[in-house]
2 protein chains.
Amino acid sequence: MEKIDRLVSQRRRIRKGEHLYRAGSSLAALYAVRAGFLKSCVLHEDGREQVAGFHMMGDLLGMDAISGGLHMSNTVALEDSEICEMPFPLLEQLSREVPSLQQQLHRVMSREIVRDHGVMLLLGSMKAEERLAAFLLNLSQRFAARGYSPTEFNLRMTRAEIGSYLGLKLETVSRAFSSFQDQQLIAVRQRYVRILDLPGLKAMLDSKR
Amino acid sequence: MEKIDRLVSQRRRIRKGEHLYRAGSSLAALYAVRAGFLKSCVLHEDGREQVAGFHMMGDLLGMDAISGGLHMSNTVALEDSEICEMPFPLLEQLSREVPSLQQQLHRVMSREIVRDHGVMLLLGSMKAEERLAAFLLNLSQRFAARGYSPTEFNLRMTRAEIGSYLGLKLETVSRAFSSFQDQQLIAVRQRYVRILDLPGLKAMLDSKR
DNA sequence: CGGTTTCTTGATTGGGATCAATAGGAGTGG
DNA sequence: CCACTCCTATTGATCCCAATCAAGAAACCG
């Protein structure tokens, strides 16, 4: 138990705009978000970059580095954040000694795989407005699960970052926001979003087949 | 050691078209492909389905079920296949006892995450022909790594399945094949593909920015 | 063989990208 | 605190790539 305490005792503060880790740096630890908001970006050889995920309290980061010992993405704070740094060798050792920890680790990695498959589905088969609806609903759910309002929140990312994540251009994201507003589904002013019609938003996903 | 023998002793033959597992079925085991070729498909609530991956010798399947205890995808053999079935509880136990097995498991799950991020990049930022080029190069690499020809192989999947995986319609896939053939990059007749200009194919990926 | 699935190719359409211009906020330094 | 600048967001106009619609051809299978 004291080992587990030691595991989660390493804290780290990241200021807005700073990197938690960069692609190419070696795996030192996995990171649990204690507070704040971050994005991670995967990169193509040619310099293309794409947002692969947005992360908030409770999310675990850095798992892409386990396979090759090197991080394969950049992770940057979108607001001042607090991170719990778990040295990976210690985590591996403890997960051998504590079955429940082992199971937890496996579940978290599996959840990341399932999440990625969901994004693949979104990118491969949804139209622009469906993608944004799915994105907003996902944020809503995650805020709700953390005790925040599911219908009212501030986006921490720009339209361009949302677009990158959703495989759209920022203008398209902006237009989709405006369209939702016209349809009375949401009220949006800059980064502040209020969901007016949650069922209506959900209906956008399955109604369109 | 004999436990590991027991772990990998369970074999299962899957005929072309049969399911290895279905979405909703509970996690019994992870599956290693011994021979053959399979696809796995993720599904949307509304019935939409998308190919999430193609799998061949050496690939490990079923990891999406660890997080919730239920498979989140359908996995189907595209040709007669042989699968090694590893009961998951036994795998967890052994990975506690054998550190190298534990590391192996973590690496494989991490590799799946990295692979998924690559597909997300493809779906989010590439044009049709770039996607097909990336797909063919990926297959080529994987065949090469298994001792088969990297430049000559039979596709086991239909144009529609390739399209589903790449976020394209089957007609677009067919046109891209024809275009590559016109450009002397490949020779293709139905499912038989011969890569004539590997560097040329690679150039399609970074030349276009 | 006949029937069915798969593939190719052509014509047209449409959704999102691109180009462009303006406006709104946020941060900075005087 | 305000003026200035830069970044971010909105909106319009046009274009282009891939989807859709459609028709045949080729391969596979019982």
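All heavy atoms count here, side chains included; hydrogens, waters and symmetry mates do not.
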Query raised in the report: Reading nucleotides 25-30 of chain D 5' to 3', which nucleotides get B (base under 4.0 Å from a protein heavy atom), which S (sugar-phosphate only), which -?
Result: --S---
Query raised in the report: Side chains of B:Y192 and B:E152: donor-acceptor distance under 3.5 Å anywhere?
Result: yes
Query - Which residues share a salt bridge (charged side-chain N to carboxylate O under 4.0 Å, His left out) with B:E171, sequence neighbours left out - result: none
Query - Contact list for residues 32-42 of chain A, test side-chain hydrogen bond (donor to acceptor under 3.5 Å, both in side chains), sequence neighbours left out - result: A:K39-A:E161, A:S40-A:H55
Query - Distance-only donor-acceptor check, side chains B:E130 and B:S125, under 3.5 Å - result: no
Report summary line: Residues pairing under salt bridge (charged side-chain N to carboxylate O under 4.0 Å, His left out) where one sits in residues 101-126 of chain A, two or more places apart or in two chains, turn out to be A:E112-A:R115
Query raised in the report: Side-chain donor-acceptor pair under 3.5 Å between A:E49 and A:H44, yes or no?
Result: no
Query raised in the report: Touch check for A:T158, heavy atoms < 4.0 angstrom, all strands: base, sugar-phosphate only, or nothing?
Result: sugar-phosphate
Quiz: residues 67-76 of chain A side-chain donor-acceptor pairs under 3.5 angstrom, not counting sequence neighbours:
unit_1, atom_1, unit_2, atom_2, d
A:S73, OG, A:D64, OD2, 2.7
A:N74, OD1, A:A23, N, 2.8
A:T75, OG1, A:Y21, OH, 3.0

Query raised in the report: To the nearest Å, how far apart are A:M157 CE and D:dA9 C1'?
Result: 15 Å
Query raised in the report: Earliest and latest nucleotide of DNA chain C, 5' to 3', sitting under 4.0 Å from a non-hydrogen atom of chain B?
Result: C:dT6 to C:dA11
Query raised in the report: More than 12 heavy atoms of other residues, nucleotides or ligands under 6.0 Å from OH of B:Y148: is that the case?
Result: no
Requested in this report: Return the set of residues passing salt bridge (charged side-chain N to carboxylate O under 4.0 Å, His left out) with B:R11 (not counting sequence neighbours), or none when no residue passes.
Outcome: B:E82
Report task. Name all residues meeting the salt bridge (charged side-chain N to carboxylate O under 4.0 Å, His left out) criterion together with B:R156; count only those two or more places apart in sequence or in a different chain, and write none if there are none. Result -> B:E79
Are there any protein N/O atoms within less than 3.5 Å of an N/O atom in nucleotides 17-20 of chain D, and if so, which ones and at what distance?
unit_1, atom_1, unit_2, atom_2, d
D:dA18, OP1, B:A128, N, 2.5
D:dA19, OP1, B:K169, N, 3.4
D:dA19, OP2, B:K169, N, 3.3
D:dA19, OP2, B:T172, OG1, 2.2
D:dT20, O4, B:R175, NH2, 3.0

Report task. Have a look at the helix from C:dC1-D:dG30 to C:dG30-D:dC1 and give the angle its two end axes make, five pairs each, rounded to 10 degrees. Result -> 50°
Report summary line: d(A:L38 CG, A:K16 NZ) to nearest 0.5 Å is 12.5 Å
Report task. Identify, with sequence neighbours excluded, every residue that meets side chain to side chain contact (heavy atoms under 4.5 Å, CB included) alongside B:S140. Result -> B:P150, B:F153, B:I195, B:L198
Query raised in the report: Listed by chain and number, what are the salt bridge (charged side-chain N to carboxylate O under 4.0 Å, His left out) partners of B:R146, not counting sequence neighbours?
Result: B:D59
